[in-house]
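In what follows, chains carry the letters A, B, and so on, assigned in the order in which the sequence lines appear, proteins first and then strands, with residues in each chain numbered from 1.
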Protein chains: 2
Amino acid sequence: MFALNITEMSPGKIPQYRQLYETLRRHIVDGLYRENDLLPSENELCKLHNLTRPTVRKALDLLSNEGFIKRHQGLGSVVHKLPKGIGILSISGTTTAIGKENLETRTIIKPSLTSWPDSFPFSLSDHEKEVGCMHFSRLRLVNGKPVIYDISYIPNINLPRFSARNLDNKSLFNILRSAYRIEVKGGEQYIKAINAPDPDICRILDIKPDTPVLHLQRRIDTNRLNFYLYSILYCNTSDHSLYGIF
Amino acid sequence: MFALNITEMSPGKIPQYRQLYETLRRHIVDGLYRENDLLPSENELCKLHNLTRPTVRKALDLLSNEGFIKRHQGLGSVVHKLPKGIGILSISGTTTAIGKENLETRTIIKPSLTSWPDSFPFSLSDHEKEVGCMHFSRLRLVNGKPVIYDISYIPNINLPRFSARNLDNKSLFNILRSAYRIEVKGGEQYIKAINAPDPDICRILDIKPDTPVLHLQRRIDTNRLNFYLYSILYCNTSDHSLYGIF
DNA sequence: TATTTGTACTTGTAATTACAAGTTGGAAAT
DNA sequence: ATTTCCAACTTGTAATTACAAGTACAAATA
């Protein structure tokens, strides 16, 4: 009761429900809880972490929304089987969803300042058009094989030294958060199946021409008003399905 | 304060936060609120509907999670642009852009009792294997053109007269809810891009062989413990992308 | 005029209390 | 031995209160 933890003092503190969520999530993905195990009941979690039920329930809501647990009235919160695919369909990120498999990220196009592409799948504001964008692309490999080619466009607000950063094997989101205080909140995406569109992408993904690939167009929300990240992805799903909950 | 509405009396009542969610959602898709409009503030909604802030916030949480609004601290809840694609990636997706008039559902394989397919993408419990399954398939058309072919498998619990039901132009979920009190809660899905796998499906979707299609494998949760619906979908995304938020 | 400050809003987080509703398992009755 | 019932859990819904933090705008200040 009288002990203040670090987060209660610091200005950029993480909410308590968020901390509990992270803790439980880590316990689940680390295998501390296994499939069909019951989590401690809400009241037990309250006592364990010195929180109240609404706060605990907010953490469990997050876990439930992301498919880590399933709650049953009268029974408890049941741990869900961990997904086998790539969890790119939800915000949690590629890195966590791949699991223990070897994930690698390589920069293909280094960050540079350009104007927006002629044909862009999302409508841009006048301000976005005016300032142009930071453009770069990365390739994600699972066990050494190319799986996702991610082409990114970020409106050119002031991001000092961004083009000098090494994006290999790092999460873009983490860099944005730690270096620029930009928090990624979610977004919208359009998905279709296409044949690999051009020889460049075939070469990058190491696939034959006319192999079917998933095509994703995403607009990603941030904590800054009217500041979005844009991303176009090509996924070779022959070995790895994309996984999502709904 | 003293007026009891219908839901407070009835046994199968709908929670108040759910009712408010439905109301606001309808207002948004009907165009009462337009893109970038501000919803009434939480306190205003409290007064308007005689609710308290936690209840109102639960309704807004739902809208936010489903991408209908975006909330900004200090500003308010901003109505999001309605999606252009087919909102099949989430459980309560909209097909607003297409419009109800232009949506049609045809039964291709009529419901019948069979055993499970030899190769099934999800692992089945002993009980599920034992009872076999109800099997049927439907085709969704937009403006008369086939877009989604949906092959469904439902474990054969006692569903009286199910095979006699007409699934055309009706929501399977509505039938399950009203006739059998089975509520659909969400689920998990695996997505990949493939070439149209066999002549039957090419014919049904009216596409040429080797056209790339989206392949979805879904397991759908219900309010009954250990009772899942299974669905395999083939989507021709050449004219309509699938839409989702994350 | 340009800048700063403050105020009145907005949503975000959190504790507290109360009861409803579903599940489980053991005690009591048959 | 079997069934019924109840008590003790579980999660679900809801009201209430309080303060923190972000935004917008107008007033005061430089």
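- Nearest nucleotide to the A:Pro15 side chain, out of C:dA14, D:dA14, D:dA18: C:dA14.
- In this structure, A:Arg71 places its CZ atom 15 Å from C1' of C:dA21, rounding to the nearest Å.
- When each of C:dA21, D:dT10, C:dT11 is scored by its nearest atom to the side-chain atoms of A:Ser41, the top-ranked nucleotide is D:dT10.
- Each of B:Thr52 and A:Asn223 lies near DNA chain D, and the nucleotide nearest B:Thr52 is the one positioned closer to the 5' end.
- Between A:Tyr230 and A:Phe122, the ring-plane angle classifies as tilted under the 30° and 60° cut-offs.
- Nearest-nucleotide positions on DNA chain C place B:Leu75 closer to the 5' end than the other of B:Leu75 and A:Leu75.
- Under 3.5 Å, the side chains of B:His80 and A:Glu188 contain a donor-acceptor pair of N or O atoms.
- The interatomic distance linking A:Asn50 (CG) with C:dA15 (P) rounds to 9 Å, in whole Å.
- If you take NZ of B:Lys185 and P of D:dG12, they are 7 Å apart, rounded to a whole angstrom.
- An OP1 or OP2 oxygen of D:dT13 is reached within less than 4.0 angstrom by a side-chain nitrogen or oxygen of B:Lys58.
- Rounded to whole angstrom, the span from the CD atom of A:Glu183 across to the P atom of D:dG22 amounts to 11 Å.
- In this structure, the CD atom of A:Glu44 is 10 Å from the P atom of D:dC9, given to the nearest Å.
- Each of D:dA15, C:dA21, D:dT11 was ranked by its minimum atom distance to the side chain of A:Ser77; first place goes to D:dT11.
- Residues B:Glu42 and A:Pro54 each lie close to DNA chain C; by heavy-atom proximity, the contact nearer the 5' end of the strand is made by B:Glu42.
- Between B:Arg57 and C:dT11 there is no side-chain polar atom (N or O) within less than 4.0 angstrom of OP1 or OP2.
- Counting only distance, with no hydrogens or angles, the side chain of B:Asn223 and the backbone of B:Glu183 share a donor-acceptor pair below 3.5 Å.
- Remark: A:Lys81 NZ is packed, more than 12 non-hydrogen atoms of other residues, nucleotides or ligands lying under 6.0 Å away.
- Not a single donor-acceptor contact under 3.5 angstrom links the side-chain atoms of B:Gln16 to the base of D:dA14.
- The phosphate of C:dT13 has neither OP1 nor OP2 within less than 4.0 Å of any side-chain N or O from A:Thr55.
- For the pair A:Leu38 CG and D:dC9 P, the computed distance is 15 Å after rounding to whole Å.
- When the P atom of D:dA14 is taken as reference, atom CD of A:Gln73 falls 12 Å away, rounded to whole Å.
- Contact detail for A:Glu128 and A:Trp116: the closest heavy-atom pair is O-NE1, 2.8 Å.
- When the nucleotides D:dG12, C:dG12, D:dA15 are ranked by their closest atom to the side chain of B:Leu51, D:dA15 comes out on top.
- Counting only heavy atoms from C-beta on, A:Tyr17 has its side chain closest to C:dA14 among C:dT11, D:dT11, C:dA14.
- When the nucleotides D:dT13, C:dT11, C:dA14 are ranked by their closest atom to the side chain of B:Arg53, C:dT11 comes out on top.
- Looking at heavy atoms from C-beta onward, B:Ile220 lies in side-chain contact with B:Phe173 at the 4.5 angstrom threshold.
- Atom pair A:Asn43:CG and C:dA18:P shows a separation of 14 Å (rounding to whole Å applied).
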